[in-house]
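Below is one structure, written out as structure tokens; comments come after it.
As the structure is a prediction and not an experimental result, all values here were calculated from the model. Within every chain, numbering begins at 1; the chains are lettered A, B, ... in the order of the sequence lines, protein sequences first and strands thereafter.
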Number of protein chains: 2
Amino acid sequence: MPVMRPLIHPSIEDITVEGILHALSDPVRAAIYAELAISSGATCSNFLKISDRDIPKSTLSQHFRALREAGLIRSERQGVEMRNTTRCAEIEQRFPGLLPAIMTAHQVQAADRMRVAKRRQKAAAG
Amino acid sequence: MPVMRPLIHPSIEDITVEGILHALSDPVRAAIYAELAISSGATCSNFLKISDRDIPKSTLSQHFRALREAGLIRSERQGVEMRNTTRCAEIEQRFPGLLPAIMTAHQVQAADRMRVAKRRQKAAAG
DNA sequence: TTCCATAGTTCATATGTTGCGAACTATGGT
DNA sequence: ACCATAGTTCGCAACATATGAACTATGGAA
């Protein structure tokens, strides 16, 4: 009877900048990470409900794995579901300012997109 | 007689965080970018001489292209060679603090690696 | 205890991306 | 006209990613 392989969490000194950048260069993973940064402990299906995206759960599972193995989040089973928390405190210690800068940049971009969308909306109406 | 397609430089508002993170998540591209941040105007083959790496020039060309199309560098032909400069001032305006944070993190990591290597060297000698 | 529902993982595979050698374009000098 | 230097493009192999189907894991209900 096959068992599921254990979750891999790299130790803080094995976390690389390349790994972090690659993990957060995907919009879905960036959104997951942002969500976790606000409401810690969110689960996979939880994220699906919150975001309006429609992502297959196998894909979502892989994204959580990518974040976990890049060292960005910690996942632990709690009953039937998987609680995920960011490892931002640890990472802030090793790479000060990196995560805040990335999250801020993502926010700037989201705000920009919002402005463009509103401008288009107005243009279409007027 | 076929011509070479023109270089693509995205306008500042088309530059995305995802694109920047992805471009700099590759160690070779991060090294190129770091080099350009110090000695502006460096060329492809210039980089090969400076770094001790041995990268095929076709690969290097693709890396420069990736950086260019992510909006991180500007390339222009100057005689027989291609001068590359970072677009850090523009990007700093759009995403304040992002590039400095990434470059600092890369430096932290390089310093860490140096310490580990020295420790190993000492252990082998003693 | 057996069965079921919910939550997530794994596997196979189709599709996308990247690395690199060979052949090409581009430019300046001889 | 030719050559050298600098870089680009092409084609293909190797690697990565997305996803449906089948699985594991856990807690509760019958």
Would you check if the side chain of A:Gln78 reaches a backbone N or O of A:Arg83 as a donor-acceptor pair within less than 3.5 Å?
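No, A:Gln78 side chain to A:Arg83 backbone: no donor-acceptor pair under 3.5 Å.
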
Could you check whether any side-chain N or O of A:Asn84 sits under 3.5 Å from a backbone N or O of A:Met82, counting only pairs where one atom can act as donor and the other as acceptor?
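Confirmed, A:Asn84 side chain pairs with A:Met82 backbone.
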
For the pair A:Ser58 and A:Gln62, evaluate side chain to side chain donor-acceptor pair (under 3.5 Å) and give the outcome as yes or no after the intermediate values.
CA-CA 6 Å; A:Ser58 62; A:Gln62 301 288 18; over 6 Å; no

A:Ile12-A:Tyr33 co-clustered via ILVMFWY side chain contacts under 4.5 Å:
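Yes; A:Tyr33 is reachable from A:Ile12 via cluster members.
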
Over how many whole Å does the gap from [X] atom [atom1] to [N] atom [atom2] extend?
{"X": "B:Glu81", "N": "C:dT25", "atom1": "CD", "atom2": "C1'", "result": "17 Å"}
{"X": "A:Gln62", "N": "D:dA16", "atom1": "CD", "atom2": "C1'", "result": "11 Å"}
{"X": "A:Glu69", "N": "D:dA16", "atom1": "CD", "atom2": "C1'", "result": "14 Å"}
{"X": "B:Arg65", "N": "D:dC10", "atom1": "CZ", "atom2": "C1'", "result": "11 Å"}
{"X": "A:Gln78", "N": "D:dA25", "atom1": "CD", "atom2": "P", "result": "18 Å"}
{"X": "A:Leu60", "N": "D:dA18", "atom1": "CG", "atom2": "C1'", "result": "12 Å"}
{"X": "B:Ile55", "N": "D:dA6", "atom1": "CD1", "atom2": "C1'", "result": "16 Å"}
{"X": "A:Arg29", "N": "D:dT17", "atom1": "CZ", "atom2": "P", "result": "7 Å"}

Check whether any side-chain nitrogen or oxygen of [X] sits under 4.0 Å from OP1 or OP2 of [N], and answer yes or no.
{"X": "A:His22", "N": "D:dT17", "result": "yes"}
{"X": "A:Thr59", "N": "D:dT19", "result": "yes"}
{"X": "B:Ser58", "N": "C:dC20", "result": "no"}

Listed nucleotide nearest any side-chain atom of B:Lys57, set C:dA23, D:dA18, C:dT9
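For B:Lys57, the side-chain atoms sit closest to C:dA23.
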
Of all the nucleotides listed (D:dG7, C:dG8, D:dG20), which has the minimum atom distance to the side chain of A:Pro56?
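Among D:dG7, C:dG8, D:dG20, the one nearest the side chain of A:Pro56 is D:dG20.
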
Should the ring pair B:Phe64 and B:Phe47 be called parallel, tilted or perpendicular, given that the plane angle runs from 0 to 90° and is split at 30 and 60?
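Taking B:Phe47 first and then B:Phe64, their aromatic rings stand perpendicular (interplane angle over 60°).
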
Students often get this wrong, so: under 4.0 angstrom with heavy atoms, is A:Ser45 touching a base, only sugar-phosphate, or nothing?
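If one applies the 4.0 Å heavy-atom cut-off, A:Ser45 turns out to touch the sugar-phosphate alone, with no base involved.
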
I want to confirm an ordering. Mapping A:Arg5 and A:Val80 to their closest nucleotides on DNA chain C, which one lands closer to the 5' end?
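Final value for this comparison: A:Val80.
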
